[in-house]
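Here is the structure we will look at, set down as structure tokens.
Below, chains carry the letters A, B, ... as their sequence lines are ordered, and counting in each starts from 1. Both backbone and side-chain heavy atoms feed into the values below; hydrogens, waters and symmetry mates do not.
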There are 4 protein chains.
Amino acid sequence: MTRIDTSRKILDCASRMFAQHGYDGTIMDDLAEQCGVNKASIYYHHKDKATLYDNALTAIFTPIADAVIEAVEAQVEPVKQLRVHIKTFARVTADNPCFASILMREMASGGANMPVPARQQMQRILFLLMRILQSGESQGVFRSSDALIIHFMIIGTLNLFVISIPLRQTLPATDQLEQLQNSNIESAADQVATTIIASLLVK
Amino acid sequence: MTRIDTSRKILDCASRMFAQHGYDGTIMDDLAEQCGVNKASIYYHHKDKATLYDNALTAIFTPIADAVIEAVEAQVEPVKQLRVHIKTFARVTADNPCFASILMREMASGGANMPVPARQQMQRILFLLMRILQSGESQGVFRSSDALIIHFMIIGTLNLFVISIPLRQTLPATDQLEQLQNSNIESAADQVATTIIASLLVK
Amino acid sequence: MTRIDTSRKILDCASRMFAQHGYDGTIMDDLAEQCGVNKASIYYHHKDKATLYDNALTAIFTPIADAVIEAVEAQVEPVKQLRVHIKTFARVTADNPCFASILMREMASGGANMPVPARQQMQRILFLLMRILQSGESQGVFRSSDALIIHFMIIGTLNLFVISIPLRQTLPATDQLEQLQNSNIESAADQVATTIIASLLVK
Amino acid sequence: MTRIDTSRKILDCASRMFAQHGYDGTIMDDLAEQCGVNKASIYYHHKDKATLYDNALTAIFTPIADAVIEAVEAQVEPVKQLRVHIKTFARVTADNPCFASILMREMASGGANMPVPARQQMQRILFLLMRILQSGESQGVFRSSDALIIHFMIIGTLNLFVISIPLRQTLPATDQLEQLQNSNIESAADQVATTIIASLLVK
DNA sequence: TATGAATGAGAATTCATTCAT
DNA sequence: GATGAATGAATTCTCATTCAT
């Protein structure tokens with residue numbers, strides 16, 4: 001097996017474990033077992049646990065920011081840009097559920113330990129949103145708004161939605177909870193986008 | 001110092017540490033030092049770490065659900081109920097920032113380890129929201145909607161907002177970020193409430 | 001058992017192991033077993049291996065320098081001072097053979113890792129010797145000399161002698177080696193003292 | 001690079017590392033990096049760490065004993081022999097400072113782990129000294145003496161001197177220490193030889 | 001011969017918990 | 001109730017050695 005393969009395999013496996021158990025709750029022995037590699041191999045490829053964490057986060061966060069930015073830049077109208085921003089974020093987040101868990105944990109820690117590269121990716125997404133809103137505002141399409149709250153609305157809502165997917169699937173289907181099982185990420189993203197855009201549009 | 005005092009002091013301190021570092025990241029030695037009590041005293045008062053965690057979460061989650069329910073039940077109109085629901089949740093969350101951090105972490109873990117009492121408090125809040133939405137729907141005020149997404153919208157948005165308060169205060173005040181510093185929890189809750197209600201109202 | 005007892009027991013045992021196996025060759029597991037204490041107890045009392053090493057060296061080196069200085073200061077004549085210096089050093093070194101081994105190892109490493117407190121004790125001994133030689137010189141008793149070489153002569157010779165005591169006792173008593181077994185530290189110190197003083201005395 | 005070159009390069013590098021860090025403190029990874037060879041190459045050339053250590057010590061100790069013996073055998077008078085013995089030992093020790101460090105460490109360990117070939121070289125030197133002293137004694141030139149102490153005096157003093165050369169060069173040149181910087185191995189050997197011979201000569 | 005990758009056996013350190021007073 | 005000391009079970013990380021090419 002080539003270096004790239006093993007290193008990548010470790011990274012993927014580590015991402016899942018960091019997402020599920022957090023940094024402190026992830027045990028290197030368990031990781032090695034899950035990966036099917038020797039414990040020392042992890043250290044051969046990734047120096048130490050902290051570095052592995054950094055590497056994993058960078059590998060997760062970067063393509064997400066890239067995808068959102070690329071999709072938005074293919075649009076010109078602020079309304080469409082905002083909708084694409086939200087829907088693309090929802091889609092890539094759903095594709096890699098590790099992202100949502102890790103981001104939520106890092107935010108819970110106050111972002112104090114978030115590796116700089118990962119933090120920068122989040123800033124790229126936030127700044128992109130700010131540009132969309134400002135551009136919509138200067139075109140007279142959007143009302144003045146607080147970008148950070150909208151950022152949190154998008155991320156908070158959709159991350160919780162993605163995170164809760166496995167949880168909801170194991171819930172007993174009581175009458176009261178039945179309706180909750182139906183929604184999927186697409187419709188959730190639609191609803192979030194529609195809600196936010198509706199509140200922004202100049203009547 | 002009375003038993004109650006010491007026990008309470010430990011609980012408060014533990015809440016803060018669990019919020020900041022998570023369950024696995026909270027070290028009993030550090031907790032003892034932060035509390036200013038002997039490590040063995042923690043065990044005298046709280047059996048073990050898992051029990052202490054349960055106790056802390058119950059102490060945090062219960063009054064929050066209580067406050068939201070009480071405030072909502074003082075209202076009769078669904079629109080007002082929903083607004084009060086959101087604003088009360090925002091206020092009590094801001095009053096005890098531990099709640100947001102711990103909830104985010106627990107959701108990131110898929111809720112797998114969340115103590116039952118704490119989980120029940122979250123369900124009380126969710127079920128309250130469902131009743132509000134259904135009542136509004138049956139009165140012809142609200143459109144049909146997905147309660148879970150709205151739940152996530154409220155919790156995700158406001159929790160991230162509360163969690164990010166200390167973070168934002170340490171950010172350098174660049175032009176680009178300046179506007180982000182101004183918002184407070186009141187106006188954030190207003191914006192969330194207005195946005196959600198606007199999207200629900202039958203035009 | 002009181003804290004002092006356990007801490008001291010660990011220190012004594014560690015000194016012996018550091019002397020015999022060196023810093024890198026001393027295994028904390030073995031040390032715990034030799035001491036008859038739990039491994040974690042070592043860390044409870046001494047933070048980590050490096051600190052334990054520092055503590056052990058300080059505990060070994062300080063009384064040795066103290067004893068030499070005290071004995072020398074009870075004398076007034078340089079010749080007697082020098083003889084007492086050498087004989088006292090020999091006696092205390094023989095009393096605690098760890099000292100010689102550790103000092104030899106540290107010198108072999110270039111003193112790079114020797115804890116500052118231990119190094120200072122060696123400097124106290126060297127400076128004392130320099131004062132003796134200078135005082136003898138200014139009184140016209142001693143010829144001019146190189147203090148460092150005399151320092152090395154004392155320490156190197158007597159340390160090797162002390163270190164080799166157990167080695168010699170296990171040697172097969174061949175004809176050729178037989179005579180080597182007889183000498184003791186007292187006579188060795190005498191011979192060193194006599195040799196050095198003879199070479200220093202103004203004829 | 002030829003087999004011989006690589007093997008030799010590893011041996012030289014290993015000698016330096018064993019001298020500086022000891023057997024246990026020498027890490028094969030570091031050695032490979034210092035040598036500029038792949039770690040597996042070390043094993044291709046030298047079986048394992050213990051064998052490499054044996055090889056290194058044999059390569060260091062043998063020429064030293066050879067040189068001392070050859071130089072002494074060129075002399076006939078015991079006094080001259082003894083002086084040549086000391087001065088040659090000093091010179092070859094200074095030429096390869098690894099020797100002194102390794103010997104000091106091995107003596108500190110009680111010689112327990114010293115490879116047999118290296119130990120034999122030290123015995124050749126000691127037996128040579130014994131022959132010189134006995135010959136001087138039977139010729140009525142030397143008084144009766146303890147060869148082992150004289151052996152230790154030579155080795156201990158000069159080894160410490162050689163070992164401390166780099167240390168002394170980094171010392172701050174205070175008034176008190178200034179004089180220590182001046183001496184070189186030649187004069188140190190002279191002083192040792194003169195001192196020892198003076199104490200041996202029948203008056 | 002040379003080398004990147006892999007690994008089993010350790011070794012240092014941590015941590016939740018308990019004990020004795 | 002409180003506390004210094006003790007400890008067994010992890011947990012992170014290291015290191016000599018081997019493998020495959």
Acceptor/donor pairs from residues 24-36 of chain A side chains to any protein atom, 3.5 angstrom cut, sequence neighbours excluded:
from, atom 1, to, atom 2, distance (Å)
A/T26, OG1, A/M17, O, 3.1
A/T26, OG1, A/G22, O, 2.7
A/D29, OD1, A/K39, NZ, 3.0

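Applying the 4.0 Å criterion to OP1 and OP2 of E/dG4, one finds that A/H45 has every side-chain N and O outside that range. The phosphate of E/dA2 (OP1 or OP2) has a side-chain N or O of D/T6 nearer than 4.0 angstrom. Look at A/S41 and you'll find a side-chain N or O under 4.0 angstrom from OP1 or OP2 of E/dT7.
In summary, C/D12 and C/R8 engage in a salt bridge, as defined by a charged side-chain N under 4.0 Å from a carboxylate O.
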(request) At under 4.0 Å between heavy atoms, which parts of nucleotides 14-21 of chain F does protein reach? Answer with one letter per nucleotide, 5' to 3': B base, S sugar-phosphate only, - none. (result) BBSBBB--
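At whole-Å resolution of the value, CD1 in A/I42 and P in E/dG8 are 13 Å apart. Remark: P of E/dT14 and NE2 of C/H46 are 15 Å apart, rounded to the nearest angstrom. Atom CD of C/E33 and atom P of F/dT7 are 14 Å apart (whole Å). If you measure from atom CD1 of C/I10 to atom C1' of F/dA5, you get 11 Å, rounded to the nearest angstrom. The distance from atom CG of A/L52 to atom P of F/dT11 is 17 Å, rounded to the nearest whole Å. One can place CG of C/D30 at 11 Å from C1' of E/dG10, the figure rounded to the nearest angstrom. Atom P of nucleotide F/dT11 and atom CE of A/M17 are separated by 11 Å, given to the nearest angstrom.
Although no hydrogens or angles enter the test, the distance criterion places no donor-acceptor pair under 3.5 Å between the side chain of B/T51 and the main chain of B/K47. For C/E106 (side chain) and C/M114 (main-chain N/O), a donor-acceptor pair under 3.5 Å exists by modelled atom type. For the pair D/S41 (side chain) and D/V37 (backbone), a donor-acceptor distance under 3.5 Å is absent. Within the 3.5 Å criterion, the main-chain N or O of D/A19 finds a donor-acceptor partner in the side chain of D/R105.
Between C/F18 and C/Y23, the angle of the ring planes stays under 30°, which puts this pair in the parallel group of the 30/60° scheme.
The nucleotide E/dA20 finds its pairing partner in F/dT3, both defining distances of the Watson-Crick or G-U wobble pair being shorter than 3.5 Å. In this structure, E/dC15 and F/dG8 make a Watson-Crick or G-U wobble pair, each of the two defining distances being under 3.5 angstrom.
Residue C/Y44 places its side chain closer to F/dA5 than to any other of E/dT7, F/dA5, E/dA2.
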